[in-house]
Number of protein chains: 2
Amino acid sequence: MKKYIPILKRTQLFSGVGEEEIGAMLNCLQARICTYKKGEYVLRQGEHTDTLMVIAEGKLHIQRDDYWGNRSIINMVSAGEMFGEAYVAPESGALMNDVLAVEDSVVIFFDVKRIITVCPTACRFHSAVVQNLFFAISEKNRRLVQKITFMSKRTTREKLIAYLSEEAKRNNSSEFSIPFNRQQLADYLSVDRSAMSNELCKMRDEGMLEFEKNRFVLHDAVTA
Amino acid sequence: MKKYIPILKRTQLFSGVGEEEIGAMLNCLQARICTYKKGEYVLRQGEHTDTLMVIAEGKLHIQRDDYWGNRSIINMVSAGEMFGEAYVAPESGALMNDVLAVEDSVVIFFDVKRIITVCPTACRFHSAVVQNLFFAISEKNRRLVQKITFMSKRTTREKLIAYLSEEAKRNNSSEFSIPFNRQQLADYLSVDRSAMSNELCKMRDEGMLEFEKNRFVLHDAVTA
DNA sequence: TCATTTCCGTTGTAAAAACAACAGACTTGT
DNA sequence: ACAAGTCTGTTGTTTTTACAACGGAAATGA
(Lines give C-alpha, C1' and ligand atoms only; values in the text may rest on other atoms or scores of the structure.)
Protein backbone atom coordinates (compact mmCIF):
# COMPACT_ATOMS: atom_id res chain seq x y z
CA MET A 1 0.00 0.00 0.00
CA LYS A 2 2.72 2.45 1.00
CA LYS A 3 4.40 2.05 -2.38
CA TYR A 4 1.45 3.75 -4.01
CA ILE A 5 1.62 6.91 -1.93
CA PRO A 6 3.87 8.73 -4.42
CA ILE A 7 1.46 7.76 -7.17
CA LEU A 8 -1.55 8.91 -5.18
CA LYS A 9 0.15 12.21 -4.56
CA ARG A 10 -0.08 12.95 -8.27
CA THR A 11 -3.76 12.09 -8.64
CA GLN A 12 -6.59 14.59 -8.92
CA LEU A 13 -8.00 13.51 -5.59
CA PHE A 14 -4.88 14.13 -3.54
CA SER A 15 -3.54 17.08 -5.45
CA GLY A 16 -1.92 19.50 -3.05
CA VAL A 17 -1.70 17.00 -0.22
CA GLY A 18 1.65 15.84 1.13
CA GLU A 19 2.78 12.22 1.26
CA GLU A 20 2.65 12.05 5.04
CA GLU A 21 -0.93 13.32 5.07
CA ILE A 22 -1.91 10.82 2.41
CA GLY A 23 -0.42 8.06 4.49
CA ALA A 24 -2.48 9.16 7.45
CA MET A 25 -5.62 9.40 5.37
CA LEU A 26 -5.31 5.91 3.97
CA ASN A 27 -6.49 4.51 7.27
CA CYS A 28 -9.09 7.19 7.80
CA LEU A 29 -10.56 6.45 4.37
CA GLN A 30 -10.21 2.69 4.69
CA ALA A 31 -8.20 2.30 1.51
CA ARG A 32 -8.08 -1.11 -0.15
CA ILE A 33 -6.12 -2.21 -3.20
CA CYS A 34 -7.15 -4.55 -5.99
CA THR A 35 -5.32 -5.50 -9.15
CA TYR A 36 -6.92 -6.53 -12.42
CA LYS A 37 -5.53 -8.18 -15.50
CA LYS A 38 -6.37 -6.82 -18.94
CA GLY A 39 -9.86 -8.01 -19.81
CA GLU A 40 -11.07 -8.43 -16.23
CA TYR A 41 -14.09 -6.60 -14.92
CA VAL A 42 -13.73 -4.30 -11.93
CA LEU A 43 -17.49 -3.93 -11.56
CA ARG A 44 -20.48 -5.30 -13.42
CA GLN A 45 -23.77 -3.74 -14.32
CA GLY A 46 -26.35 -4.30 -11.59
CA GLU A 47 -23.86 -4.41 -8.74
CA HIS A 48 -23.85 -1.88 -5.94
CA THR A 49 -20.93 0.20 -4.80
CA ASP A 50 -20.37 2.94 -2.30
CA THR A 51 -16.68 3.43 -2.75
CA LEU A 52 -14.66 5.92 -4.67
CA MET A 53 -12.00 4.29 -6.83
CA VAL A 54 -8.70 5.76 -7.93
CA ILE A 55 -6.63 4.23 -10.71
CA ALA A 56 -3.05 3.86 -9.61
CA GLU A 57 -1.95 2.06 -12.78
CA GLY A 58 -3.56 1.04 -16.03
CA LYS A 59 -6.66 2.06 -17.89
CA LEU A 60 -10.38 1.27 -17.54
CA HIS A 61 -13.41 1.62 -19.74
CA ILE A 62 -16.83 2.48 -18.35
CA GLN A 63 -19.05 0.73 -20.82
CA ARG A 64 -22.30 -1.03 -21.44
CA ASP A 65 -23.31 -3.91 -23.69
CA ASP A 66 -26.92 -4.25 -24.73
CA TYR A 67 -28.98 -7.30 -25.59
CA TRP A 68 -27.76 -7.28 -29.18
CA GLY A 69 -24.10 -7.15 -28.29
CA ASN A 70 -23.65 -3.52 -29.20
CA ARG A 71 -21.08 -2.04 -26.89
CA SER A 72 -21.14 1.58 -25.83
CA ILE A 73 -18.05 3.04 -24.21
CA ILE A 74 -19.31 5.74 -21.87
CA ASN A 75 -15.98 6.95 -20.67
CA MET A 76 -12.31 6.12 -20.39
CA VAL A 77 -10.47 6.40 -17.08
CA SER A 78 -6.68 6.49 -16.97
CA ALA A 79 -4.09 6.29 -14.22
CA GLY A 80 -4.44 9.19 -11.80
CA GLU A 81 -8.13 9.60 -12.46
CA MET A 82 -11.04 8.22 -10.47
CA PHE A 83 -14.50 6.82 -10.92
CA GLY A 84 -17.53 5.84 -8.89
CA GLU A 85 -18.31 9.39 -7.79
CA ALA A 86 -21.71 9.09 -9.44
CA TYR A 87 -22.79 6.33 -7.10
CA VAL A 88 -21.98 7.78 -3.71
CA ALA A 89 -25.44 9.15 -3.03
CA PRO A 90 -27.53 6.83 -0.83
CA GLU A 91 -30.32 6.44 -3.37
CA SER A 92 -28.11 6.04 -6.38
CA GLY A 93 -29.18 2.46 -7.03
CA ALA A 94 -27.44 -0.22 -9.02
CA LEU A 95 -24.59 0.36 -11.42
CA MET A 96 -25.74 1.05 -14.94
CA ASN A 97 -22.43 0.06 -16.52
CA ASP A 98 -19.63 -2.41 -16.57
CA VAL A 99 -16.13 -1.30 -15.64
CA LEU A 100 -13.51 -3.16 -17.62
CA ALA A 101 -9.73 -3.13 -17.32
CA VAL A 102 -8.37 -2.59 -20.82
CA GLU A 103 -4.82 -2.79 -19.47
CA ASP A 104 -3.38 -4.50 -16.42
CA SER A 105 -4.55 -2.13 -13.71
CA VAL A 106 -4.27 -1.31 -10.04
CA VAL A 107 -7.30 0.25 -8.39
CA ILE A 108 -7.48 1.76 -4.90
CA PHE A 109 -10.87 1.80 -3.15
CA PHE A 110 -11.87 4.50 -0.68
CA ASP A 111 -14.83 4.76 1.61
CA VAL A 112 -16.41 7.83 0.14
CA LYS A 113 -18.68 8.53 3.08
CA ARG A 114 -15.57 9.20 5.12
CA ILE A 115 -14.52 11.78 2.58
CA ILE A 116 -17.65 13.84 2.36
CA THR A 117 -18.51 13.56 6.01
CA VAL A 118 -16.07 16.07 7.37
CA CYS A 119 -14.22 14.30 10.11
CA PRO A 120 -14.23 16.36 13.28
CA THR A 121 -10.75 15.21 14.24
CA ALA A 122 -7.41 16.03 12.69
CA CYS A 123 -7.13 15.69 8.90
CA ARG A 124 -5.97 19.18 8.10
CA PHE A 125 -6.05 18.36 4.44
CA HIS A 126 -9.46 16.84 4.44
CA SER A 127 -11.09 19.95 3.04
CA ALA A 128 -8.55 20.01 0.22
CA VAL A 129 -9.56 16.48 -0.71
CA VAL A 130 -13.22 17.44 -0.63
CA GLN A 131 -12.52 20.28 -3.01
CA ASN A 132 -10.46 18.04 -5.28
CA LEU A 133 -13.23 15.51 -5.38
CA PHE A 134 -15.68 18.21 -6.19
CA PHE A 135 -13.59 19.56 -9.04
CA ALA A 136 -13.01 16.08 -10.40
CA ILE A 137 -16.65 15.15 -10.56
CA SER A 138 -17.38 18.51 -12.02
CA GLU A 139 -14.79 17.92 -14.72
CA LYS A 140 -16.18 14.47 -15.42
CA ASN A 141 -19.51 16.13 -15.91
CA ARG A 142 -18.07 18.36 -18.58
CA ARG A 143 -16.48 15.37 -20.27
CA LEU A 144 -19.81 13.60 -20.44
CA VAL A 145 -21.40 16.68 -21.94
CA GLN A 146 -18.63 16.79 -24.48
CA LYS A 147 -19.22 13.20 -25.42
CA ILE A 148 -22.90 13.98 -25.83
CA THR A 149 -21.89 16.80 -28.13
CA PHE A 150 -19.98 14.35 -30.32
CA MET A 151 -22.76 11.81 -30.34
CA SER A 152 -25.41 14.37 -31.14
CA LYS A 153 -23.92 15.02 -34.56
CA ARG A 154 -26.00 13.51 -37.29
CA THR A 155 -23.40 11.82 -39.48
CA THR A 156 -20.37 9.70 -38.73
CA ARG A 157 -18.15 12.25 -40.41
CA GLU A 158 -19.44 15.06 -38.22
CA LYS A 159 -18.97 12.94 -35.14
CA LEU A 160 -15.39 12.24 -36.14
CA ILE A 161 -14.68 15.89 -36.83
CA ALA A 162 -16.18 16.94 -33.52
CA TYR A 163 -14.18 14.35 -31.62
CA LEU A 164 -10.88 14.81 -33.42
CA SER A 165 -10.90 18.58 -33.30
CA GLU A 166 -11.62 18.44 -29.59
CA GLU A 167 -8.67 16.13 -29.13
CA ALA A 168 -6.50 18.51 -31.13
CA LYS A 169 -7.62 21.35 -28.90
CA ARG A 170 -6.86 19.36 -25.76
CA ASN A 171 -3.40 18.59 -27.04
CA ASN A 172 -2.76 22.10 -28.29
CA SER A 173 -1.61 20.55 -31.52
CA SER A 174 -3.04 19.33 -34.78
CA GLU A 175 -0.96 16.20 -34.29
CA PHE A 176 -1.92 13.85 -31.48
CA SER A 177 -2.62 10.28 -30.42
CA ILE A 178 -5.99 9.01 -29.35
CA PRO A 179 -6.48 6.49 -26.54
CA PHE A 180 -8.69 4.19 -28.64
CA ASN A 181 -8.24 1.69 -31.39
CA ARG A 182 -10.78 1.73 -34.21
CA GLN A 183 -13.32 -0.55 -32.59
CA GLN A 184 -13.13 1.35 -29.33
CA LEU A 185 -13.49 4.69 -31.05
CA ALA A 186 -16.53 3.38 -32.89
CA ASP A 187 -17.99 2.19 -29.59
CA TYR A 188 -17.24 5.54 -28.02
CA LEU A 189 -18.97 7.46 -30.80
CA SER A 190 -21.72 4.85 -31.16
CA VAL A 191 -21.19 4.11 -34.81
CA ASP A 192 -20.33 1.05 -36.85
CA ARG A 193 -16.63 0.35 -37.01
CA SER A 194 -16.38 -0.49 -40.68
CA ALA A 195 -18.48 2.47 -41.70
CA MET A 196 -16.31 4.69 -39.53
CA SER A 197 -13.13 3.23 -40.95
CA ASN A 198 -14.50 3.86 -44.40
CA GLU A 199 -15.35 7.45 -43.56
CA LEU A 200 -11.92 8.08 -42.05
CA CYS A 201 -10.25 6.91 -45.23
CA LYS A 202 -12.49 9.08 -47.36
CA MET A 203 -11.57 12.06 -45.24
CA ARG A 204 -7.92 11.19 -45.65
CA ASP A 205 -8.32 10.90 -49.43
CA GLU A 206 -9.98 14.30 -49.45
CA GLY A 207 -6.96 15.74 -47.68
CA MET A 208 -8.69 16.62 -44.43
CA LEU A 209 -6.34 14.61 -42.27
CA GLU A 210 -3.70 11.92 -42.05
CA PHE A 211 -3.39 9.04 -39.66
CA GLU A 212 -1.42 5.98 -38.85
CA LYS A 213 -2.75 3.68 -36.19
CA ASN A 214 -3.97 5.88 -33.38
CA ARG A 215 -1.84 8.88 -34.37
CA PHE A 216 -3.67 11.66 -36.23
CA VAL A 217 -2.76 14.87 -38.01
CA LEU A 218 -5.55 17.28 -38.81
CA HIS A 219 -5.26 19.72 -41.67
CA ASP A 220 -6.58 23.24 -41.69
CA ALA A 221 -10.04 22.48 -42.99
CA VAL A 222 -10.81 20.38 -39.94
CA THR A 223 -9.31 22.48 -37.20
CA ALA A 224 -10.90 25.70 -38.50
CA MET B 1 -35.65 37.45 -1.81
CA LYS B 2 -37.15 36.31 1.47
CA LYS B 3 -40.26 35.10 -0.31
CA TYR B 4 -38.20 32.38 -1.97
CA ILE B 5 -36.91 30.89 1.24
CA PRO B 6 -39.79 28.38 1.53
CA ILE B 7 -39.13 27.36 -2.06
CA LEU B 8 -35.40 27.03 -1.46
CA LYS B 9 -36.11 24.86 1.53
CA ARG B 10 -37.55 22.24 -0.79
CA THR B 11 -34.65 22.22 -3.27
CA GLN B 12 -31.96 19.58 -3.47
CA LEU B 13 -29.32 22.03 -2.36
CA PHE B 14 -30.97 23.05 0.89
CA SER B 15 -32.61 19.78 1.73
CA GLY B 16 -32.56 19.27 5.49
CA VAL B 17 -31.74 22.89 6.25
CA GLY B 18 -34.19 25.07 8.17
CA GLU B 19 -35.63 28.32 6.88
CA GLU B 20 -33.74 30.44 9.39
CA GLU B 21 -30.45 28.87 8.38
CA ILE B 22 -31.23 29.42 4.73
CA GLY B 23 -31.96 33.04 5.43
CA ALA B 24 -28.61 33.39 7.12
CA MET B 25 -26.81 31.62 4.30
CA LEU B 26 -28.26 33.86 1.63
CA ASN B 27 -25.88 36.60 2.63
CA CYS B 28 -22.99 34.26 3.19
CA LEU B 29 -23.42 32.85 -0.31
CA GLN B 30 -24.13 36.19 -1.93
CA ALA B 31 -27.44 35.13 -3.40
CA ARG B 32 -28.83 37.11 -6.34
CA ILE B 33 -32.14 36.69 -8.14
CA CYS B 34 -32.90 37.01 -11.83
CA THR B 35 -36.13 36.39 -13.70
CA TYR B 36 -36.41 35.26 -17.31
CA LYS B 37 -39.32 35.20 -19.70
CA LYS B 38 -39.98 32.11 -21.79
CA GLY B 39 -37.54 32.13 -24.69
CA GLU B 40 -34.87 34.23 -22.96
CA TYR B 41 -31.34 32.96 -22.49
CA VAL B 42 -29.93 32.67 -18.98
CA LEU B 43 -26.44 32.02 -20.29
CA ARG B 44 -24.90 31.72 -23.73
CA GLN B 45 -22.23 29.45 -25.07
CA GLY B 46 -18.78 30.97 -24.65
CA GLU B 47 -19.63 32.98 -21.55
CA HIS B 48 -17.94 32.34 -18.24
CA THR B 49 -19.63 31.65 -14.96
CA ASP B 50 -18.55 30.79 -11.47
CA THR B 51 -21.91 30.68 -9.80
CA LEU B 52 -24.22 27.87 -8.88
CA MET B 53 -27.78 28.46 -10.01
CA VAL B 54 -30.96 27.13 -8.44
CA ILE B 55 -34.27 27.24 -10.25
CA ALA B 56 -36.95 28.66 -7.98
CA GLU B 57 -39.65 28.64 -10.66
CA GLY B 58 -39.92 27.52 -14.26
CA LYS B 59 -37.94 25.22 -16.46
CA LEU B 60 -34.66 25.52 -18.40
CA HIS B 61 -33.00 23.62 -21.19
CA ILE B 62 -29.26 23.14 -21.37
CA GLN B 63 -28.73 22.94 -25.08
CA ARG B 64 -26.47 23.62 -27.98
CA ASP B 65 -27.04 24.68 -31.57
CA ASP B 66 -24.44 23.90 -34.18
CA TYR B 67 -23.50 25.69 -37.37
CA TRP B 68 -26.23 23.97 -39.32
CA GLY B 69 -28.99 24.87 -36.91
CA ASN B 70 -29.28 21.41 -35.42
CA ARG B 71 -30.23 21.75 -31.80
CA SER B 72 -29.14 19.28 -29.16
CA ILE B 73 -30.86 19.37 -25.78
CA ILE B 74 -28.28 18.19 -23.29
CA ASN B 75 -30.44 18.30 -20.22
CA MET B 76 -33.61 19.69 -18.74
CA VAL B 77 -33.61 21.48 -15.39
CA SER B 78 -36.85 22.01 -13.48
CA ALA B 79 -37.84 24.02 -10.44
CA GLY B 80 -35.97 22.86 -7.34
CA GLU B 81 -33.02 21.61 -9.34
CA MET B 82 -29.76 23.39 -10.03
CA PHE B 83 -27.17 23.82 -12.74
CA GLY B 84 -23.72 25.28 -13.23
CA GLU B 85 -22.01 22.75 -10.93
CA ALA B 86 -19.87 21.64 -13.87
CA TYR B 87 -18.21 25.03 -14.17
CA VAL B 88 -17.12 25.70 -10.64
CA ALA B 89 -13.59 24.42 -11.05
CA PRO B 90 -11.07 27.20 -11.69
CA GLU B 91 -9.90 25.80 -15.02
CA SER B 92 -13.31 24.86 -16.31
CA GLY B 93 -13.19 27.35 -19.17
CA ALA B 94 -16.02 28.81 -21.18
CA LEU B 95 -19.55 27.46 -21.23
CA MET B 96 -20.10 24.83 -23.90
CA ASN B 97 -23.87 25.32 -24.00
CA ASP B 98 -26.70 27.76 -24.03
CA VAL B 99 -29.13 27.84 -21.14
CA LEU B 100 -32.63 28.72 -22.30
CA ALA B 101 -35.76 29.42 -20.28
CA VAL B 102 -38.52 27.31 -21.82
CA GLU B 103 -40.99 28.70 -19.31
CA ASP B 104 -41.08 31.96 -17.38
CA SER B 105 -38.44 31.26 -14.77
CA VAL B 106 -36.83 32.56 -11.60
CA VAL B 107 -33.20 31.71 -11.03
CA ILE B 108 -31.16 32.29 -7.87
CA PHE B 109 -27.41 32.67 -8.19
CA PHE B 110 -24.97 31.59 -5.49
CA ASP B 111 -21.27 32.15 -5.14
CA VAL B 112 -20.14 28.57 -5.29
CA LYS B 113 -16.66 29.21 -3.91
CA ARG B 114 -18.32 30.19 -0.67
CA ILE B 115 -20.05 26.85 -0.59
CA ILE B 116 -17.14 24.53 -1.15
CA THR B 117 -14.70 26.55 0.89
CA VAL B 118 -15.76 25.48 4.32
CA CYS B 119 -16.34 28.64 6.27
CA PRO B 120 -14.53 28.47 9.59
CA THR B 121 -17.23 30.53 11.28
CA ALA B 122 -20.77 29.58 12.18
CA CYS B 123 -22.87 27.91 9.47
CA ARG B 124 -23.74 24.74 11.29
CA PHE B 125 -25.57 23.53 8.21
CA HIS B 126 -22.83 24.34 5.79
CA SER B 127 -21.62 20.77 5.65
CA ALA B 128 -25.15 19.58 4.91
CA VAL B 129 -25.22 21.91 1.92
CA VAL B 130 -21.87 20.61 0.74
CA GLN B 131 -23.19 17.07 0.89
CA ASN B 132 -26.37 18.05 -0.90
CA LEU B 133 -24.38 19.71 -3.63
CA PHE B 134 -22.24 16.64 -3.93
CA PHE B 135 -25.21 14.33 -4.24
CA ALA B 136 -26.87 16.61 -6.75
CA ILE B 137 -23.91 16.77 -9.07
CA SER B 138 -23.47 13.07 -8.67
CA GLU B 139 -27.07 12.50 -9.67
CA LYS B 140 -26.70 14.80 -12.64
CA ASN B 141 -23.79 12.67 -13.66
CA ARG B 142 -25.98 9.60 -13.69
CA ARG B 143 -28.58 11.41 -15.73
CA LEU B 144 -26.03 12.32 -18.34
CA VAL B 145 -24.89 8.72 -18.52
CA GLN B 146 -28.48 7.67 -18.95
CA LYS B 147 -28.93 10.09 -21.80
CA ILE B 148 -25.79 8.68 -23.39
CA THR B 149 -27.35 5.24 -23.06
CA PHE B 150 -30.39 6.40 -25.00
CA MET B 151 -28.36 8.10 -27.66
CA SER B 152 -26.04 5.16 -28.11
CA LYS B 153 -28.84 3.01 -29.50
CA ARG B 154 -28.51 2.50 -33.20
CA THR B 155 -32.05 3.13 -34.43
CA THR B 156 -34.67 5.74 -33.61
CA ARG B 157 -37.01 3.04 -32.41
CA GLU B 158 -34.45 1.67 -29.97
CA LYS B 159 -33.74 5.16 -28.70
CA LEU B 160 -37.42 5.73 -28.08
CA ILE B 161 -37.83 2.42 -26.32
CA ALA B 162 -34.82 3.09 -24.12
CA TYR B 163 -36.05 6.55 -23.21
CA LEU B 164 -39.70 5.68 -22.69
CA SER B 165 -39.07 2.59 -20.63
CA GLU B 166 -36.73 4.58 -18.42
CA GLU B 167 -39.44 7.19 -17.92
CA ALA B 168 -41.91 4.45 -17.06
CA LYS B 169 -39.47 3.10 -14.51
CA ARG B 170 -38.95 6.54 -12.98
CA ASN B 171 -42.70 7.00 -12.66
CA ASN B 172 -43.31 3.48 -11.41
CA SER B 173 -46.06 3.22 -13.98
CA SER B 174 -46.52 2.32 -17.60
CA GLU B 175 -48.55 5.50 -17.92
CA PHE B 176 -46.75 8.81 -17.63
CA SER B 177 -46.16 12.25 -19.09
CA ILE B 178 -42.90 13.39 -20.59
CA PRO B 179 -41.54 16.91 -20.15
CA PHE B 180 -40.92 17.41 -23.88
CA ASN B 181 -42.97 18.10 -26.96
CA ARG B 182 -42.07 16.21 -30.12
CA GLN B 183 -39.43 18.60 -31.38
CA GLN B 184 -37.80 18.77 -27.97
CA LEU B 185 -37.79 15.01 -27.59
CA ALA B 186 -36.19 14.69 -31.01
CA ASP B 187 -33.56 17.23 -30.01
CA TYR B 188 -32.98 15.35 -26.77
CA LEU B 189 -32.50 12.03 -28.53
CA SER B 190 -30.66 13.62 -31.46
CA VAL B 191 -32.94 12.39 -34.19
CA ASP B 192 -35.09 14.00 -36.85
CA ARG B 193 -38.49 15.05 -35.57
CA SER B 194 -40.53 13.83 -38.51
CA ALA B 195 -38.75 10.51 -38.64
CA MET B 196 -39.31 10.11 -34.92
CA SER B 197 -42.96 11.03 -35.21
CA ASN B 198 -43.28 8.48 -37.95
CA GLU B 199 -41.63 5.79 -35.87
CA LEU B 200 -43.82 6.58 -32.85
CA CYS B 201 -46.93 6.11 -34.94
CA LYS B 202 -45.66 2.83 -36.35
CA MET B 203 -45.03 1.60 -32.83
CA ARG B 204 -48.54 2.64 -31.87
CA ASP B 205 -50.00 0.84 -34.89
CA GLU B 206 -48.08 -2.27 -33.90
CA GLY B 207 -49.67 -2.09 -30.46
CA MET B 208 -46.51 -1.36 -28.50
CA LEU B 209 -47.83 1.81 -26.94
CA GLU B 210 -50.43 4.55 -26.96
CA PHE B 211 -50.00 8.27 -26.65
CA GLU B 212 -51.78 11.55 -26.77
CA LYS B 213 -49.71 14.68 -26.75
CA ASN B 214 -47.01 14.15 -24.15
CA ARG B 215 -48.89 11.43 -22.27
CA PHE B 216 -47.75 7.87 -22.98
CA VAL B 217 -48.93 4.38 -22.10
CA LEU B 218 -46.51 1.53 -22.70
CA HIS B 219 -47.75 -1.98 -23.30
CA ASP B 220 -46.10 -5.13 -22.07
CA ALA B 221 -43.82 -5.70 -25.02
CA VAL B 222 -42.01 -2.43 -24.34
CA THR B 223 -41.71 -2.55 -20.58
CA ALA B 224 -40.51 -6.17 -20.58
C1' DT C 1 -63.62 36.09 -32.40
C1' DC C 2 -60.53 35.71 -35.94
C1' DA C 3 -55.92 35.63 -37.66
C1' DT C 4 -51.49 33.81 -36.83
C1' DT C 5 -48.43 30.67 -35.20
C1' DT C 6 -47.11 26.39 -33.32
C1' DC C 7 -47.43 21.53 -33.16
C1' DC C 8 -47.88 17.03 -35.07
C1' DG C 9 -48.41 13.56 -38.41
C1' DT C 10 -47.71 12.06 -43.39
C1' DT C 11 -45.34 11.05 -47.55
C1' DG C 12 -41.61 10.53 -50.93
C1' DT C 13 -36.81 10.86 -52.08
C1' DA C 14 -31.99 11.04 -51.47
C1' DA C 15 -28.31 10.21 -48.38
C1' DA C 16 -26.16 7.71 -44.89
C1' DA C 17 -25.51 3.98 -41.76
C1' DA C 18 -25.69 -0.71 -40.35
C1' DC C 19 -24.53 -5.15 -41.47
C1' DA C 20 -21.99 -8.97 -43.29
C1' DA C 21 -18.17 -10.94 -45.24
C1' DC C 22 -13.49 -10.95 -46.46
C1' DA C 23 -8.30 -10.16 -47.09
C1' DG C 24 -3.99 -8.45 -45.81
C1' DA C 25 -0.91 -6.57 -42.23
C1' DC C 26 0.43 -6.81 -37.91
C1' DT C 27 0.73 -8.88 -32.91
C1' DT C 28 1.09 -12.23 -29.73
C1' DG C 29 2.36 -16.16 -27.49
C1' DT C 30 4.54 -20.54 -27.53
C1' DA D 1 9.92 -19.10 -36.23
C1' DC D 2 5.37 -20.24 -36.74
C1' DA D 3 0.58 -20.54 -35.75
C1' DA D 4 -3.32 -18.23 -33.98
C1' DG D 5 -5.52 -14.31 -33.20
C1' DT D 6 -6.32 -9.31 -33.68
C1' DC D 7 -6.72 -5.07 -36.09
C1' DT D 8 -7.83 -2.39 -40.07
C1' DG D 9 -9.50 -1.32 -44.47
C1' DT D 10 -12.63 -2.60 -48.44
C1' DT D 11 -16.81 -3.65 -50.83
C1' DG D 12 -21.71 -4.57 -51.76
C1' DT D 13 -26.43 -4.93 -50.00
C1' DT D 14 -30.18 -3.75 -47.06
C1' DT D 15 -32.14 -0.94 -43.71
C1' DT D 16 -32.75 3.31 -41.65
C1' DT D 17 -32.43 8.12 -41.38
C1' DA D 18 -32.39 12.83 -42.75
C1' DC D 19 -34.51 16.18 -45.34
C1' DA D 20 -38.08 18.78 -47.50
C1' DA D 21 -42.60 19.91 -48.13
C1' DC D 22 -47.30 19.93 -46.87
C1' DG D 23 -52.01 19.92 -44.42
C1' DG D 24 -54.84 19.83 -40.61
C1' DA D 25 -55.57 20.43 -35.67
C1' DA D 26 -54.75 22.94 -31.76
C1' DA D 27 -53.05 26.78 -29.20
C1' DT D 28 -52.05 31.58 -28.87
C1' DG D 29 -52.79 36.25 -28.78
C1' DA D 30 -54.52 40.62 -30.26
Side-chain angles (χ1 to χ4, degrees), chain A residues 37-39 61 65-73 100 102-104 150-163 177-206 208-216, chain B residues 37-39 61 65-73 100 102-104 150-163 177-206 208-216:
Chain A
K37 288 236 171 291
K38 175 177 177 176
H61 280 180
D65 300 326
D66 68 10
Y67 329 96
W68 314 108
N70 283 319
R71 170 162 295 179
S72 171
I73 297 178
L100 174 72
V102 290
E103 296 176 2
D104 291 354
F150 306 150
M151 291 177 68
S152 72
K153 301 296 180 201
R154 296 298 201 256
T155 67
T156 299
R157 175 175 293 221
E158 282 177 312
K159 287 173 189 165
L160 283 167
I161 292 176
Y163 171 71
S177 294
I178 65 172
F180 297 123
N181 64 27
R182 294 292 184 276
Q183 182 63 61
Q184 291 168 342
L185 179 56
D187 291 340
Y188 180 75
L189 298 177
S190 284
V191 297
D192 179 72
R193 180 198 61 79
S194 68
M196 186 191 77
S197 190
N198 189 268
E199 196 65 33
L200 270 176
C201 291
K202 277 192 212 163
M203 291 165 77
R204 181 193 52 199
D205 295 344
E206 293 173 20
M208 298 177 69
L209 46 77
E210 302 165 56
F211 56 86
E212 201 217 320
K213 305 226 178 206
N214 63 343
R215 185 136 201 94
F216 287 77
Chain B
K37 288 234 170 293
K38 175 177 177 175
H61 279 181
D65 299 326
D66 69 10
Y67 331 95
W68 313 108
N70 284 319
R71 170 162 296 177
S72 172
I73 297 178
L100 173 71
V102 289
E103 296 175 2
D104 291 355
F150 306 150
M151 291 177 67
S152 72
K153 301 297 179 199
R154 296 299 203 255
T155 67
T156 300
R157 174 174 294 222
E158 283 177 312
K159 286 174 191 169
L160 284 167
I161 292 175
Y163 171 71
S177 295
I178 65 172
F180 297 123
N181 64 27
R182 294 290 183 279
Q183 182 63 60
Q184 291 167 344
L185 179 57
D187 290 342
Y188 180 75
L189 297 177
S190 285
V191 296
D192 180 71
R193 180 198 59 79
S194 67
M196 187 191 77
S197 190
N198 191 268
E199 197 65 32
L200 270 176
C201 292
K202 277 191 210 163
M203 291 164 77
R204 182 193 50 199
D205 296 344
E206 294 174 20
M208 298 177 69
L209 47 77
E210 302 164 56
F211 55 85
E212 201 217 321
K213 303 228 177 205
N214 63 343
R215 184 136 202 94
F216 286 78

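Reminder, nothing fancy here: chain letters follow the sequence lines and each chain counts from 1. Reckoned from all heavy atoms, side chains included, excluding hydrogens, waters and symmetry mates.
Listed nucleotides: D:dG9, D:dC7, D:dA21. Nearest to the side chain of B:Ser194: D:dA21.
Of all non-hydrogen atoms in B:Asp192 and B:Ala186, the two that sit nearest each other are C-CB, 4.2 Å. Heavy-atom minimum distance, A:Leu209 versus A:Leu200: CD1-O, 4.1 Å. Listed here is the closest heavy atom pair of B:Phe211 and B:Cys201: CZ-SG, 4.2 Å. Across every non-hydrogen atom of B:Leu185 and B:Phe180, the tightest pair is N-CB, 3.7 Å.
For DNA chain C, the span of nucleotides reached by chain B at under 4.0 Å from its heavy atoms goes, 5' to 3', from C:dC7 to C:dA18.
Atom CG of A:Asn181 and atom P of D:dC7 are 6 Å apart (whole Å). Atom CG of A:Asn198 is separated from atom C1' of D:dT10 by 7 Å (rounded to the nearest Å). When rounded to the nearest whole Å, the span between CG of A:Asp187 and C1' of D:dC7 equals 14 Å. Distance CZ (A:Arg215) to P (D:dT8): 16 Å, rounded to an integer number of Å. Spacing between atom CD1 of A:Ile178 and atom P of D:dC7 amounts to 14 Å, rounded to whole angstrom units. A straight line from CG of A:Leu160 to C1' of D:dT8 spans 15 Å, rounded to a whole angstrom. What separates CD of A:Glu212 from P of D:dC7 is a distance of 17 Å, to the nearest Å. In this entry the distance linking CZ of B:Arg71 with P of D:dA18 reads 17 Å, nearest Å.
Checked by atom type, the side-chain pair B:Arg215/B:Ser177 shows a donor-acceptor distance below 3.5 Å.
In this structure, B:Met196 CE and B:Lys159 NZ are separated by 11.5 Å, a value rounded to the nearest 0.5 Å.
With B:Arg182 contributing its side chain and B:Lys213 its backbone, the two residues share a donor-acceptor pair below 3.5 Å. Here the side chain of B:Asp187 pairs no donor or acceptor atom with the backbone of B:Ser72 at under 3.5 angstrom. Put simply, the side chain of A:Asp104 gets close to the backbone of A:Lys38: a donor and an acceptor are under 3.5 Å apart.
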Annotated protein contacts, base or backbone, on nucleotides 22-30 of chain D with a non-hydrogen cut-off under 4.0 Å, one of B, S, - each: ----SS---
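Remark: A:Asp66 does not engage A:Arg71 in a salt bridge, criterion side-chain N to carboxylate O under 4.0 Å. Salt bridge A:Arg157/A:Glu206: present, at least one basic N to carboxylate O contact under 4.0 Å.
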Check: protein-nucleotides 15-17 of chain D nitrogen or oxygen pairs below 3.5 Å:
from	atom 1	to	atom 2	distance (Å)
D:dT17	OP1	B:Thr156	N	2.1
D:dT17	OP1	B:Thr156	OG1	3.0

